[in-house]
Number of protein chains: 2
Amino acid sequence: MIGEFEYLLIAATHRLGEDAYGASIRREVEEATERPCSIGSLYTTLDRLEAKGLVRTWMGEATAQRGGRAKRMVSVTAKGIESASAFYRAISRVSRDISWEAQCP
Amino acid sequence: MIGEFEYLLIAATHRLGEDAYGASIRREVEEATERPCSIGSLYTTLDRLEAKGLVRTWMGEATAQRGGRAKRMVSVTAKGIESASAFYRAISRVSRDISWEAQCP
DNA sequence: CCATAACCTCTACAATGTAACACTAATGAT
DNA sequence: ATCATTAGTGTTACATTGTAGAGGTTATGG
């Protein structure tokens, strides 16, 4: 089973589509979690996901922006979709009928 | 941030309410994930959650069933609810607009 | 009084999560 | 030309979580 952070990366990549690369994924994750996501965490996890065949990465072209250097593009493989799907299903299932907010024990 | 398995335990406990104890939580998790959940994993994680103050556990009375020995009852603390809530929110947010099934790349 | 059922505990190891630090390449201003 | 700045990536080391396996304890029912 994939872990939480791995899921976050895969989902963010999937959402970003053509525009998924290291830095953009990072921004997406930070937005979703509302917490900083360190650079190191991101690339290490990306490497692991690639090693497991859940994502595919390749170096893109440099853009013509100030500092616009080559990006490491990412896309989710079919196997990655399957894993993410299983993760999400498990979370959803165990969370059915639960509303986390507004509990007063 | 709590991990995936930790979330599963907290959510299952919350769902089970008064009937949450080691073995019942285990069954709930297995149902949600459709995968076996080893006994060891469960109690180790329960211990860690308790150490972090996310759940509270105590030994209950033995029931009058064959082999019905004392159960380790569990309940989620306010802090646990908060953590689980944050986890769920992050997952939901990064998953918005994604439908994992039926992708044909 | 013993086999069996329903639980819990402990130990050890593998996999994930995370931070700190170092690095490369292009632009734009001086 | 050269140098600060911007946009990106990579590496190493360690902390935290995830997971299995084997072993214990207490009760019932025969």
Side-chain angles (χ1 to χ4, degrees), chain A residues 1-10 12 16 19-30 32-33 35-52 54-55 57-74 83-84 86-87 90-91, chain B residues 1-10 12 16 19-30 32-33 35-52 54-55 57-74 83-84 86-87 90-91:
Chain A
M1 180 83 90
I2 62 173
E4 181 228 342
F5 194 58
E6 293 180 315
Y7 177 81
L8 290 175
L9 294 210
I10 294 180
L16 287 164
D19 300 319
Y21 60 95
S24 68
I25 293 172
R26 182 180 176 215
R27 285 188 284 267
E28 190 78 13
V29 168
E30 292 195 323
T33 60
R35 305 186 331 144
C37 161
S38 88
I39 316 266
S41 320
L42 192 131
Y43 287 104
T44 338
T45 304
L46 219 47
D47 288 344
R48 287 174 188 157
L49 287 175
E50 187 162 30
K52 288 194 281 186
L54 305 185
V55 303
T57 76
W58 67 96
M59 293 310 284
E61 295 296 312
T63 59
Q65 289 175 42
R66 181 185 177 82
R69 57 166 304 196
K71 296 164 181 171
R72 183 167 170 193
M73 311 305 292
V74 188
S83 299
F87 179 97
I91 295 291
Chain B
M1 180 83 90
I2 64 174
E4 181 228 342
F5 194 58
E6 293 180 315
Y7 177 81
L8 290 174
L9 295 210
I10 294 179
L16 286 164
D19 301 320
Y21 60 96
S24 68
I25 293 173
R26 183 181 176 215
R27 285 189 284 267
E28 189 79 14
V29 168
E30 291 195 324
T33 60
R35 305 186 331 143
C37 163
S38 88
I39 317 266
S41 318
L42 192 130
Y43 288 104
T44 326
T45 304
L46 219 47
D47 289 344
R48 288 174 187 158
L49 287 175
E50 187 162 30
K52 287 193 280 184
L54 303 185
V55 303
T57 78
W58 66 98
M59 293 311 283
E61 295 295 313
T63 58
Q65 290 177 41
R66 180 185 179 81
R69 57 166 305 196
K71 296 166 180 170
R72 183 168 169 193
M73 310 304 292
V74 188
S83 299
F87 179 97
I91 296 292

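Residue numbers begin at 1 in each chain, while the letters A, B, ... track the order of the sequences.
Residues A/S38 and B/S24 each lie close to DNA chain C; by heavy-atom proximity, the contact nearer the 5' end of the strand is made by B/S24.
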Below 3.5 Å between N/O atoms, which protein atoms pair up with nucleotides 15-17 of chain D? Just atom names and distances, please.
| unit_1 | atom_1 | unit_2 | atom_2 | d |
| --- | --- | --- | --- | --- |
| D/dT17 | OP1 | B/K52 | NZ | 3.0 |

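Across the protein-nucleic acid pair, A/D47 atom CG and D/dT12 atom P stand 11 Å apart, rounded to whole Å. One atom, CG of A/D19, and another, P of D/dA7, lie 16 Å apart when rounded to the nearest Å. Atom CD1 in B/I39 sits about 12 Å away from atom P in C/dA6, given to the nearest Å. Rounded to whole Å, atom P of C/dC7 lies 10 Å from atom CE of B/M73. In this structure, A/L49 places its CG atom 9 Å from P of C/dG17, rounding to the nearest Å. As a whole-Å value, the separation of B/R26 CZ from D/dG18 C1' is 15 Å. If you measure from atom CG of A/L9 to atom P of C/dT16, you get 13 Å, rounded to the nearest angstrom. Atom pair A/L42:CG and D/dA7:P shows a separation of 17 Å (rounding to whole Å applied).
At the heavy-atom level, A/R27 lies under 4.0 Å from the strands shown only through sugar-phosphate atoms. At a threshold of 4.0 angstrom between heavy atoms, the contacts of A/G40 include nucleobase atoms, whether or not backbone atoms are also involved. Among the atoms of the strands shown, only primed sugar atoms or phosphate atoms (P, OP1, OP2) are found under 4.0 Å from some heavy atom of A/R35.
With sequence neighbours excluded, no residue forms a side chain to side chain donor-acceptor pair (under 3.5 Å) with B/R26. Residues passing the side-chain contact (heavy atoms from CB on, under 4.5 Å) test with B/S24 are B/L16, B/Y21, B/R27, sequence neighbours excluded. Scored by the side chain to side chain donor-acceptor pair (under 3.5 Å) test, A/S38 finds A/S41 as partners (sequence neighbours excluded).
Checked against C/dG17, D/dT12, D/dG8, the side chain of A/T44 finds its nearest nucleotide in D/dT12.
Between B/F87 and A/F87, the ring planes are tilted. Angles from 30° to 60° get that label.
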**OP:** Sugar-phosphate atoms are those with a prime plus P, OP1 and OP2; base atoms are the rest. Using that split, label each nucleotide of nucleotides 24-30 of chain D B, S or - for protein heavy atoms under 4.0 Å, 5' to 3'.
**Re:** BB-BBS-
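The distance from atom CD1 of B/I10 to atom CD1 of B/I2, rounded to the nearest 0.5 Å, is 4.0 Å. To the nearest 0.5 Å, atom OG1 of residue B/T45 and atom CG of residue B/L8 are 10.0 Å apart. Note that the CE atom of B/M73 and the CG atom of B/D19 stand 6.5 Å from one another [nearest 0.5 Å]. Distance OG/B/S83 to CD/B/E6: 9.0 Å, rounded to 0.5 Å. Within the model, atoms OG1 of A/T33 and CD of A/E4 stand 8.5 Å from one another, a figure rounded to the nearest 0.5 Å.
Look at A/S41 and you won't find any side-chain N or O under 4.0 angstrom from OP1 or OP2 of C/dT18. In this model, the phosphate group of D/dG8 is approached by a side-chain N or O of A/Y21 to a distance below 4.0 Å at OP1 or OP2.
Screening residues 35-48 of chain B for salt bridge (Lys or Arg N to Asp or Glu O under 4.0 Å) gives B/D47-B/R72 as the qualifying pairs, with residues at least two apart or on separate chains.
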